[in-house]
Peer 1: 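This structure is in structure tokens; I'll ask about it shortly.
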Amino acid sequence: PQEKITMFGNASLNFTVPNYQVVPNWFLEHTNIYSDTAWGQHLLSTLEYKLNRPKKFDCLLGGEKPHRDTIEKFYKNSKFCNDFIFTYFKDNLHNGIWPHPIKNQPGTADLVKIQKVKPNDMSHMRISHILPVEIYNQSYYSIVAETFPSNAHSHYTEKTAKPIIAKRPFIMFSGQYFLRNLRSLGFKTFGSVIDETYDTIENHDKRYEAAWTQVEWLCQQNPDDIINELTEILEYNHQHFMSTNWHQPIFSCIDDLKINWYTVRESNPSY
């Protein structure tokens with residue numbers, strides 16, 4: 001019989017590959033630090049969901065990329081720029097806003113030493129994976145500029161994971177069909193309130209412009225009304241993220257291979 005080869009990848013593909021399964025690797029590790037560690041759970045407990053936050057959006061842009069340059073231009077030309085917590089570190093981490101001292105870190109994926117829940121309880125964490133709680137507690141929504149804004153695939157990182165975990169609505173600046181592909185992973189997006197047709201636009205510049213239109217629309221709305229409308233979705237997405245073992249398809253495949261190998265050995269002792 002023809003062998004079945006299963007391929008796993010960190011991206012949803014906008015083209016067909018036989019026997020391909022999406023396994024998001026949100027944090028570069030196989031564990032969910034916010035459901036599986038006391039430190040992560042403690043950090044989540046410091047999030048506040050109070051009303052009357054001073055800012056509408058956080059816009060925390062990372063390394064220099066064309067789509068982030070576009071967002072920066074939109075921000076600088078916006079009459080609502082005072083409603084943002086904005087940073088774009090480009091090639092210098094010290095120009096960013098961080099929840100932890102970066103000292104001489106060369107990149108956001110490098111490990112930093114952190115104090116966990118108790119004094120002298122130290123661990124290591126990638127700085128980009130740490131929820132910016134102080135910023136989240138001062139704003140309602142997030143602008144997410146994913147790493148690879150490709151129309152061929154949707155690649156998932158901590159940039160998307162963090163607002164989901166923190167129960168925040170977000171506007172996505174990435175490739176075509178990113179939101180559609182996110183829904184295929186079991187999440188819900190915000191089309192009941194926000195016009196998410198920008199996700200379907202093929203041309204990058206037009207898609208970003210349409211997405212920014214929704215940013216400015218949100219800046220003109222009462223955020224408490226928006227959050228109330230989306231509360232059920234935000235809670236659902238949080239629970240879905242936290243309760244899902246995202247790497248289980250790989251583990252199940254390995255277990256199946258073990259079973260198949262044992263079956264072969266039993267029927268063919270010469271192997």
Side-chain angles (χ1 to χ4, degrees), residues 10 23-60 62 85 87 96-102 105 108-147 156-172 182-183 185-190 223-224 226-248:
N10 191 28
V23 182
N25 197 24
W26 308 94
F27 295 112
L28 302 180
E29 292 93 12
H30 73 276
T31 186
N32 178 353
I33 58 178
Y34 291 100
S35 63
D36 298 349
T37 68
W39 178 85
Q41 293 169 16
H42 172 74
L43 188 60
L44 281 179
S45 72
T46 64
L47 285 168
E48 300 173 356
Y49 297 98
K50 62 186 178 182
L51 305 179
N52 300 318
R53 300 173 219 174
K55 301 293 183 179
K56 298 289 181 63
F57 274 93
D58 78 80
C59 183
L60 310 179
I85 300 172
T87 181
I97 303 174
W98 303 103
H100 186 280
I102 60 172
Q105 295 302 120
T108 60
D110 295 284
L111 296 176
V112 294
K113 183 179 289 187
I114 60 169
Q115 179 175 307
K116 298 167 74 176
V117 181
K118 300 178 181 179
N120 301 320
D121 184 11
M122 306 301 291
S123 184
H124 288 84
M125 180 69 64
R126 300 178 196 275
I127 192 170
S128 62
H129 296 175
I130 303 175
L131 291 181
V133 170
E134 291 186 3
I135 290 174
Y136 282 1
N137 286 345
Q138 297 178 60
S139 58
Y140 291 89
Y141 320 117
S142 293
I143 289 174
V144 179
E146 262 296 0
T147 306
Y156 310 103
T157 73
E158 81 288 342
K159 299 173 186 64
T160 302
K162 289 190 289 188
I164 290 175
I165 292 169
K167 305 178 190 178
R168 294 173 66 81
F170 54 87
I171 302 295
M172 177 59 61
L182 193 62
R183 291 191 292 269
L185 296 177
F187 293 99
K188 298 178 181 180
T189 56
F190 316 116
D224 298 334
I226 298 294
I227 297 299
N228 287 336
E229 286 285 332
L230 294 176
T231 292
E232 184 176 338
I233 292 175
L234 298 172
E235 291 285 349
Y236 169 84
N237 285 345
H238 171 84
Q239 293 299 327
H240 178 56
F241 191 99
M242 298 291 282
S243 63
T244 301
N245 184 341
W246 295 100
H247 289 79
Q248 186 57 44

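Every heavy atom of this structure was used, including side-chain atoms; hydrogens, water molecules and symmetry mates were not. Quick caveat: nothing in here was measured; it's all calculated off a predicted structure.
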Peer 1: Looking at CG of Leu28 and CG of Asn10, how far apart are the two atoms once the value is rounded to the nearest 0.5 Å?
Peer 2: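 If I round to the nearest 0.5 Å, the distance is 8.5 Å.
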
Peer 1: Can you tell me how far CD1 of Ile233 sits from NZ of Lys188, rounded to the nearest 0.5 angstrom?
Peer 2: 6.5 Å

Peer 1: Is it true that the side chains of Ser142 and Arg168 contain a donor and an acceptor less than 3.5 Å apart?
Peer 2: yes

Peer 1: Are Phe57 and Ile171 close enough that some pair of their side-chain heavy atoms sits under 4.5 Å apart?
Peer 2: yes

Peer 1: Sequence neighbours excluded, which residues qualify as side-chain hydrogen bond (donor to acceptor under 3.5 Å, both in side chains) partners of Tyr34?
Peer 2: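 Not a single residue meets the side-chain hydrogen bond (donor to acceptor under 3.5 Å, both in side chains) criterion with Tyr34.
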
Peer 1: Do Thr108 and Arg126 have side-chain atoms, one donor and one acceptor, less than 3.5 Å apart?
Peer 2: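 Side-chain D/A pair, Thr108 to Arg126: absent.
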
Peer 1: Does the side chain of Thr87 reach to within under 4.5 Å of the side chain of Cys59, using non-hydrogen atoms?
Peer 2: no

Peer 1: Report yes or no: do Thr157 and Glu146 form a side-chain donor-acceptor pair below 3.5 Å?
Peer 2: yes

Peer 1: Contact between Phe241 and Asn32 at the side-chain level, heavy atoms closer than 4.5 Å - yes or no?
Peer 2: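 Contact flag for Phe241/Asn32 side chains = yes.
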
Peer 1: Any chance CD of Gln41 has more than 12 other-residue heavy atoms, nucleotides or ligands included, within less than 6.0 Å?
Peer 2: yes

Peer 1: Below 4.5 Å, heavy atoms only, C-beta onward: do Ile164 and His238 meet side chain to side chain?
Peer 2: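 Side-chain contact under 4.5 Å: no.
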
Peer 1: Once rounded to the nearest 0.5 Å, what's the spacing between atom OG of Ser128 and atom CZ of Phe27?
Peer 2: 9.0 Å

Peer 1: Do any N or O atoms from the side chain of Trp26 and from the backbone of Lys162 form a donor-acceptor pair under 3.5 angstrom?
Peer 2: no

Peer 1: I'd like to check the side-chain contact (heavy atoms from CB on, under 4.5 Å) partners of Glu235; sequence neighbours left out, ordered by chain and number.
Peer 2: Lys167, Thr231

Peer 1: Is there a side-chain contact between Met172 and Thr160 in this structure, where contact means two heavy atoms from C-beta onward sitting under 4.5 Å apart?
Peer 2: yes

Peer 1: Do Tyr141 and Asp58 have side-chain heavy atoms sitting under 4.5 Å apart?
Peer 2: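 Heavy-atom side-chain distance check fails, nothing below 4.5 Å.
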
Peer 1: Do the two ring centres, one from Trp39 and one from His129, sit under 6.0 Å apart?
Peer 2: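 No, ring centres 6.0 Å or more apart.
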
Peer 1: Quiz question: by atom type and distance under 3.5 Å, do the side chains of Ser139 and Lys56 form a donor-acceptor pair?
Peer 2: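 Checked: Ser139/Lys56 side chains show no N/O donor-acceptor pair below 3.5 Å.
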
Peer 1: Could you state the interatomic distance from CG (Asn237) to CG (Leu185), rounded to the nearest 0.5 Å?
Peer 2: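 Rounded to the nearest 0.5 Å, the CG-CG separation comes to 11.0 Å.
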
Peer 1: OH/Tyr136 to CG/Leu131 distance, rounded to the nearest 0.5 angstrom?
Peer 2: 6.0 Å

Peer 1: Can you tell me if CD on Glu229 sees more than 12 non-hydrogen neighbours from other groups inside 6.0 Å?
Peer 2: no

Peer 1: Indicate, with yes or no, if the rings of Phe190 and Phe170 have centres closer together than 6.0 Å.
Peer 2: yes

Peer 1: Which atom names give the shortest non-hydrogen contact between Pro169 and Leu234, and what distance separates them?
Peer 2: N-CD2, 3.6 Å

Peer 1: Nearest 0.5 Å, what's the CZ-CD1 distance between Arg53 and Ile85?
Peer 2: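 It comes to 10.5 Å.
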
